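What you are looking at is a predicted structure, and each value in this text was computed from that prediction instead of being measured. Values below: all heavy atoms of this structure, side chains included; hydrogens, waters and symmetry mates excluded.
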Amino acid sequence: MPETYLNQAKQLVAAGEIGEAIAMLEAAIEEGKETAGIAKMLAKLSLQIDEVRAFQNWCHEALRMDPKDLEVYRMLEDYFRANGRDFEADETRDAASRIR
């Protein structure tokens with residue numbers, strides 16, 4: 001069932017409805033359908049609309065549910081590096097290297 005939410009969110013994003021995609025995924029979470037994939041998609045969408053705090057929160061939620069998801073570590077590292085936060089980027093990279 002979570003794949004259905006993710007597919008619907010992808011369709012909404014493709015149609016330019018990022019806000020609707022976020023609202024739909026958040027509704028899925030409220031219904032108890034939370035998955036690491038949904039949290040990761042919410043992180044990506046949050047960053048697209050420049051909601052940095054939400055991006056970081058959703059990344060941490062995704063890692064709470066799937067601590068071995070290297071894509072989330074990469075997302076965080078890329079964000080930190082692009083914003084001159086090299087120390088945090090290095091910490092994130094190091095954390096990811098410990099789970100490989």
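For the atom pair OG (Ser46) and CZ (Arg53), the distance works out to 12.5 Å, reported to the nearest 0.5 Å. With rounding to the nearest 0.5 Å, the separation of CG in Leu6 from CD in Gln11 is 11.5 Å.
Residues that satisfy the side chain to side chain donor-acceptor pair (under 3.5 Å) test with Glu31, not counting sequence neighbours, are Tyr5. Partners of Asp86 under the salt bridge (charged side-chain N to carboxylate O under 4.0 Å, His left out) rule, at least two apart in sequence or in another chain, are Arg81. Lys44 is linked by a side chain to side chain donor-acceptor pair (under 3.5 Å) to Glu71, counting only residues two or more places apart in sequence or in another chain.
No side-chain heavy atom of Arg74 sits under 4.5 Å from any side-chain heavy atom of Arg93. The closest side-chain heavy-atom distance from Leu45 to Gln48 is below 4.5 Å. Between Ile99 and Tyr73 there is a side-chain heavy-atom pair separated by less than 4.5 Å. Under the 4.5 Å side-chain criterion, counting only non-hydrogen atoms from C-beta, Asn57 is not in contact with Leu42. Side-chain contact check for Glu51 versus Trp58: every heavy-atom pair is 4.5 Å or farther apart.
Two different hydrophobic clusters hold Val72 and Met65 under the rule that ILVMFWY side chains link at heavy-atom gaps under 4.5 Å.
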Side chains of residues 15-27: which donor-acceptor pairs under 3.5 Å do they make with residues two or more places apart or in other chains?
none

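Pairs of residues two or more places apart, or lying in two chains, that qualify as salt bridge (charged side-chain N to carboxylate O under 4.0 Å, His left out) and include a residue from residues 57-70 are Glu34-Arg64, Lys40-Asp69, Glu61-Arg64. For residues 9-55, the set of pairs meeting the ring-ring contact (aromatic ring centres under 6.0 Å, His included) definition, not counting sequence neighbours, comprises Phe55-Tyr79. Pairs engaging residues 30-54 under the ring-ring contact (aromatic ring centres under 6.0 Å, His included) rule: none recorded [sequence neighbours left out].
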Let's go through Leu76 and Leu63 carefully: what are the C-alpha distance in whole Å and the side-chain angles of both, what is the deciding distance for side-chain contact (heavy atoms from CB on, under 4.5 Å) to 0.1 Å, and is it a yes or a no? CA-CA 11 Å; Leu76 284 164; Leu63 288 174; 4.1 Å; yes
